[in-house]
Amino acid sequence: MTLTTGVIGVQGDVAEHAAAITRAARAHDERVDVREIRRSGIVPDCDLLSMPGGESTTISRLLRREAIAPEIRAHVGAGKPLLATCAGLIVAAADAGDERVENLGLLDVTVERNAFGRQRDSFEAPLDVAGLDDPFPAVFIRAPVVADAGSSDVLATWDGRPVAVRDGPIVGTAFHPELTEDSRIHGLAFFENEAI
Ligand code: GLN
């Protein structure tokens, strides 16, 4: 069976996510057909969904304008996997403490945007992630942190703060797992997920 996989493409690293999903699928003996999503009508056909980073204020506005937001909500409501990274995590959260972000409230977490400050805008860190045997090379770019994980499981912390969570079919990361060759986070989210 081929799993139809959507990458929200209103902004952000679409090609990188598509490549990571394809690598992760190969590692799990699965086949995927990856589609870029810029308009409504495609998400309902998707088994798996990835929401990349970018600028959360812009992404959330475009998702609403293009009427994709309710489709993402239905996808998660049906228990299908969603990987939300960086700004994607911010949009998926219940609250980002910023009224310019239209939170989808898919994850019962609150996030703090740009939580690592200007001095450490971007950095790479070896991250211990629950479910992975070796540290993951995590690339943080103006990353958020999870300020309150609510009922979600915390998969990883950095500087004592949660930076990866799982809540049912959703995996959210503050970092960019698509920016290295290592596709284990995509594997965790999509192919080691009890929801599928
Ligand atoms: N700083 C961005 C925001 O708050 C997120 C950055 C990213 O996705 N790399 O929306």
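Counting convention: from 1, in listed order, for ligands and their atoms alike. Counting begins at 1 with the first residue of the sequence.
A donor-acceptor pair under 3.5 Å is absent between the side-chain atoms of Arg23 and the main chain of Asp182, judged by distance alone.
The ring-ring contact (aromatic ring centres under 6.0 Å, His included) test with Phe175 is passed by exactly one of Phe116, Phe123, Phe140: Phe140.
Salt-bridge formation is not detected for the pair Asp33/Arg31: no Lys NZ or Arg NE/NH1/NH2 atom is positioned less than 4.0 Å from an Asp or Glu carboxylate oxygen.
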Sequence neighbours left out, cut at 3.5 Å: what donor-acceptor pairs do the side chains of residues 37-44 make with other protein atoms?
unit_1: Arg38; atom_1: NE; unit_2: Glu36; atom_2: OE2; d: 2.8
unit_1: Arg38; atom_1: NH2; unit_2: Glu36; atom_2: OE2; d: 3.0

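The salt bridge (charged side-chain N to carboxylate O under 4.0 Å, His left out) search around Arg73 returns none, not counting sequence neighbours.
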Are there any N/O pairs under 3.5 Å between ligand 1 and the protein, and if so, what are their distances?
unit_1: ligand 1; atom_1: 1 (N); unit_2: Asn114; atom_2: OD1; d: 2.7
unit_1: ligand 1; atom_1: 1 (N); unit_2: Arg142; atom_2: O; d: 3.0
unit_1: ligand 1; atom_1: 4 (O); unit_2: Arg113; atom_2: NE; d: 2.7
unit_1: ligand 1; atom_1: 4 (O); unit_2: Arg113; atom_2: NH2; d: 3.0
unit_1: ligand 1; atom_1: 8 (O); unit_2: Gly54; atom_2: N; d: 2.9
unit_1: ligand 1; atom_1: 8 (O); unit_2: Gly54; atom_2: O; d: 3.1
unit_1: ligand 1; atom_1: 8 (O); unit_2: Ala87; atom_2: N; d: 3.1
unit_1: ligand 1; atom_1: 9 (N); unit_2: Ile141; atom_2: O; d: 3.0
unit_1: ligand 1; atom_1: 9 (N); unit_2: His176; atom_2: NE2; d: 2.7
unit_1: ligand 1; atom_1: 10 (O); unit_2: Ser56; atom_2: N; d: 2.7
unit_1: ligand 1; atom_1: 10 (O); unit_2: Ser56; atom_2: OG; d: 2.7
unit_1: ligand 1; atom_1: 10 (O); unit_2: Arg113; atom_2: NH2; d: 3.3

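Judged as a side chain to side chain donor-acceptor pair (under 3.5 Å), the pairs with a partner in residues 86-102 (not counting sequence neighbours) are, in order, Arg64-Glu102, Asp98-Arg100, Asp98-Arg113.
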